[in-house]
2 protein chains.
Amino acid sequence: MKTAPQPLAFADGVFPAGCPSRTLLDHITSKWGVLILLALSEGKHRWSDLRRRAEGISEKMLAQTLKTLERDGLVSRDAQPVIPPRVDYSLTERGYELTALLVPLAAWTFENAEVIINGIQQDK
Amino acid sequence: MKTAPQPLAFADGVFPAGCPSRTLLDHITSKWGVLILLALSEGKHRWSDLRRRAEGISEKMLAQTLKTLERDGLVSRDAQPVIPPRVDYSLTERGYELTALLVPLAAWTFENAEVIINGIQQDK
DNA sequence: ACTCCAGCTTACCCAAAGGTCGGTACCTTA
DNA sequence: TAAGGTACCGACCTTTGGGTAAGCTGGAGT
């Protein structure tokens with residue numbers, strides 16, 4: 001299989017099926033993954049902050065998403081053993097690299113959403 | 001802290017729930033949506049081309065995804081009434097704007113996937 | 001004493017995303 | 001006559017993402 005670190009490696013197949021790239025892409029573009037990454041692009045946040053900022057996320061999904069992103073080395077977890085438990089989540093170096101590319105995309109999406117979605121039949 | 005040029009619309013809530021921006025974000029970051037957009041970023045493609053390039057997609061999902069992206073004004077469909085039916089799909093102006101931002105993200109993902117996913121326990 | 005908060009985890013369950021398969025219409029090649 | 005290709009549609013069924021609810025630890029508030 002292709003492992004060549006070419007600039008435009010998807011010149012031949014756009015992310016071969018079953019490849020690690022597909023998995024990572026799924027993590028990043030997952031429903032809540034994007035929102036968490038965007039929230040953290042502004043700086044460190046606590047559990048309850050994230051719940052508020054990623055409006056609508058459930059505790060289960062928050063925990064699950066954070067765990068995935070942490071495993072992928074995009075988010076780091078800093079648990080302080082203080083009396084009322086305090087845990088801060090922030091982006092790793094790698095995470096910042098990613099969100100540097102993600103934020104413009106999100107900004108474009110945000111700016112164009114009204115025109116696109118409201119100007120068009122939206123049944124699904 | 002601030003990473004975007006604009007007043008950062010998600011400064012207060014990162015894509016408010018139930019907003020058009022969430023819907024559009026879901027379309028764009030959907031499992032097959034990304035792959036179709038990336039494939040089309042290289043130029044026009046036919047139905048069967050897309051099936052090959054978005055490896056693993058089913059006909060149903062291809063049709064559904066294309067329809068969504070078309071409704072969002074990101075993809076244009078050009079059906080020629082020739083004897084063996086020929087339909088070309090390509091990006092609209094708006095679609096190009098998007099993929100200009102999407103491609104770097106995809107490239108980063110592709111380049112970092114091996115290290116991230118293979119260097120780490122991957123249970124899910 | 002009782003309840004509330006943060007920061008989780010686990011169990012249970014459902015809607016919906018997505019896969020499989022068959023059909024359609026028209027033409028070409030064997 | 002039969003098989004095969006393009007570009008789909010749609011019924012049916014399975015997988016899974018994600019929601020709800022409950023529990024847990026250990027203070028702090030009333």
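The figures here come from the full heavy-atom set of this structure, side chains too, leaving out hydrogens, waters and symmetry mates. Within every chain, numbering begins at 1; the chains are lettered A, B, ... in the order of the sequence lines, protein sequences first and strands thereafter.
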A.B. asks: Which atom pairs, one a donor and one an acceptor, fall under 3.5 Å between side chains of residues 96-106 of chain B and the rest of the protein, sequence neighbours left out?
C.D. replies:
unit_1: B:Glu97; atom_1: OE1; unit_2: A:Trp108; atom_2: NE1; d: 2.8
unit_1: B:Thr99; atom_1: OG1; unit_2: B:Gly95; atom_2: O; d: 3.1
unit_1: B:Thr99; atom_1: OG1; unit_2: B:Tyr96; atom_2: O; d: 3.2

A.B. asks: Where along nucleotides 7-15 of chain C does protein come under 4.0 Å, by heavy atom, of base (B) or sugar-phosphate alone (S), with - for untouched nucleotides?
C.D. replies: SBB-BB---
A.B. asks: Is there a donor-acceptor pair closer than 3.5 Å between any side-chain N or O of A:Arg86 and the backbone N or O of A:Asp78?
C.D. replies: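 Not a single qualifying donor-acceptor pair exists.
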A.B. asks: Using residues 30-38 of chain A as the side-chain source, report each donor-acceptor pair under 3.5 Å to any protein atom, sequence neighbours left out, with the distance given to one decimal.
C.D. replies:
unit_1: A:Ser30; atom_1: OG; unit_2: A:His27; atom_2: O; d: 3.0
unit_1: A:Ser30; atom_1: OG; unit_2: A:Gly33; atom_2: N; d: 3.0

A.B. asks: Dump the pairs, protein N or O against N or O of nucleotides 27-30 of chain C, anything under 3.5 Å, distances to one decimal.
C.D. replies:
none

A.B. asks: B:Arg77: what forms a side chain to side chain contact (heavy atoms under 4.5 Å, CB included) with it, not counting sequence neighbours?
C.D. replies: B:Glu70, B:Ala79, B:Val87, B:Tyr89
A.B. asks: Please name all residues satisfying side chain to side chain donor-acceptor pair (under 3.5 Å) with A:Ser48, sequence neighbours left out, ordered by chain then number.
C.D. replies: none
A.B. asks: Between B:Arg22 (CZ) and D:dG18 (P), how many Å, whole number?
C.D. replies: 12 Å
A.B. asks: With sequence neighbours left out, what residues match A:Ser58 under side chain to side chain donor-acceptor pair (under 3.5 Å)?
C.D. replies: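 Result, side chain to side chain donor-acceptor pair (under 3.5 Å) vs A:Ser58: none returned.
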A.B. asks: Figure out the CG/P separation between A:Leu35 and D:dG18, and round it to whole Å.
C.D. replies: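 One finds 11 Å between P of D:dG18 and CG of A:Leu35, rounded.
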A.B. asks: What residues form a side chain to side chain donor-acceptor pair (under 3.5 Å) with B:Ser76, not counting sequence neighbours?
C.D. replies: B:Ser90
A.B. asks: Applying side chain to side chain donor-acceptor pair (under 3.5 Å), name anything that partners A:Arg46, two or more places apart in sequence or on another chain.
C.D. replies: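 Partners of A:Arg46 by the side chain to side chain donor-acceptor pair (under 3.5 Å) criterion come out as none, since no residue qualifies.
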A.B. asks: Whole angstroms only, please: what is the CG-C1' distance between B:Asp26 and D:dG17?
C.D. replies: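 Whole-Å distance recorded here is 12 Å.
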